Amino acid sequence: MHPTTDHVLALLLAGNFLSGEELAHTHSISRAAIWKHIAELRSLGFTIEAITGKGYKLVDCPDTMHQALVHREYTPRRLGKSIDYLEECASTNAVLKQVAERSMGGCGGLVIVSDRQTAGRGRRGRTWSAASGEALLFSVLLYPPFPPSRLHGITLLAGVAVVEALASFGVEVSLKWPNDVYLDGRKLCGILAETSAELDHTNYVVLGIGLNVSGHPTALDQESTDLSRAGVRPKRAALLARILASLEDNYELYLDEQLEFIHSKWRRYSHTLGRRVTAYTLQGEYSGIARDISSEGALIITLDSGEEKIVTAGDVTVRQQEVR
Ligand code: BTN
């Protein structure tokens, strides 16, 4: 969207009638140019009433994630000051990685959000598919001032942030290690943090989140679910705003080195700890009881042999019954 169109939208979102003359004056452009921006907004699905002598009034908004719609819901401090909304892209993570490579330390907090992805990426080299126009798919560019050994905090805080944002809509979800978000035993949201780092220096982190909102890839898929199953259907701009606000709060805790606080919240929201799990790692499969997470965010499992296994990377399946 043209920056002026975005600004016209921000003014219309205030809710009052705005005359073409006022808008033209604010932007130092002609009334005919303002009409073009109004026409662009209408073509994007915004319903705008025009009454002679009164001006333009926004009546209804589409379920899109233009910056002005997201900023109506929260005032960013560091994440999402700039939001690029794309109708389609290969992967928001891939787009943002290109931006990060080009901008050499700039664009921190930039968000790329897309209606659909043609090559969505999942954890461990998997693909991520989502129902077109029915999911929230976005990535945030972060420059954490910590070495790679402390990046696990971002993985954990992202899951915590999603849980807390959804709680504000009255939806209770839980976390499967490390950060899958589950609703009623099915996956609702996946998180992928991609990193560029040297041994002792992090160049950047692209944090990508995919949340099924009003549909999930295959309705018959027993493994996944969407937010509408919990009886809520927020507009995606409002959902993005709450998640970004919550991410920002938790990211600031992380920057403030309050990792133990993030860990304690993760434990509280976890649906893994105290349950029988099987971890699938590059070294092999391990079954036992998930006891805790370590200070490095690894999963500590007490194996059936009584031995303790620390799993730093892998997939986990969880038995529903709690054994703690
Ligand atoms: C997982 O495997 O659970 C992680 C899925 C992460 C998907 C999101 S959708 C937005 C962002 N862009 C991507 O290509 N992947 C992440």
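Computed from heavy atoms alone, side chains included, the values below leave out hydrogens, waters and symmetry copies. Both counts, for ligands and for their atoms, begin at 1 and track the order of listing. What you see is a predicted model, and the numbers here were worked out from it, not measured in a lab.
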(message) Closer than 4.0 angstrom, basic N to acidic O: yes or no for R116 and E134?
(response) no

(message) Between K235 and D63 (salt bridge meaning N to carboxylate O under 4.0 Å), is one present in this structure?
(response) no

(message) So that I can tick it off, tell me whether R186 and D226 are bridged by a salt bridge, with the cut-off set at under 4.0 angstrom between side-chain N and carboxylate O.
(response) no

(message) Quick test: of every protein heavy atom, which one is nearest to atom 3 (O) of ligand 1, and how far off is it to 0.1 Å?
(response) K187 NZ, 2.6 Å

(message) So that I can tick it off, tell me whether D315 and K176 are bridged by a salt bridge, with the cut-off set at under 4.0 angstrom between side-chain N and carboxylate O.
(response) no

(request) Using heavy-atom distances, let me know which of R126, R124, Q117, K97 sits nearest atom 12 (N) of ligand 1. (result) Q117

(message) Quick test: of every protein heavy atom, which one is nearest to atom 5 (C) of ligand 1, and how far off is it to 0.1 Å?
(response) W128 CE3, 3.4 Å

(message) Counting only heavy atoms closer than 4.0 Å, does ligand 1 sit against the backbone of D180, its side chain, both, or neither?
(response) side chain

(request) May I ask you to identify the nearest protein heavy atom to atom 11 (C) of ligand 1, giving residue, atom name and distance to one decimal place in Å? (result) T92 OG1, 3.2 Å

(request) Below 4.0 angstrom from a heavy atom of L137, which ligand 1 atoms are there? Numbered from 1 as shown, please. (result) 9 (S)

(request) Can you spot which of I154, D180, L211, N179 makes a side-chain contact (heavy atoms from CB on, under 4.5 Å) with I191? (result) N179

(request) Give the residue, atom name and distance (to 0.1 Å) of the protein heavy atom nearest atom 15 (N) of ligand 1. (result) R121 O, 2.7 Å

(request) Report, in ascending order of atom number, the atoms of ligand 1 lying under 4.0 Å from any heavy atom of G120. (result) 14 (O)

(request) Return the residue, atom name and 0.1 Å-rounded distance of the protein heavy atom closest to atom 2 (O) of ligand 1. (result) R123 N, 2.7 Å

(request) State plainly whether the residues E308 and R291 are in salt-bridge range, i.e. N to O under 4.0 Å. (result) no

(message) Would you say the ring centers of Y286 and Y280 fall short of 6.0 Å from each other?
(response) no

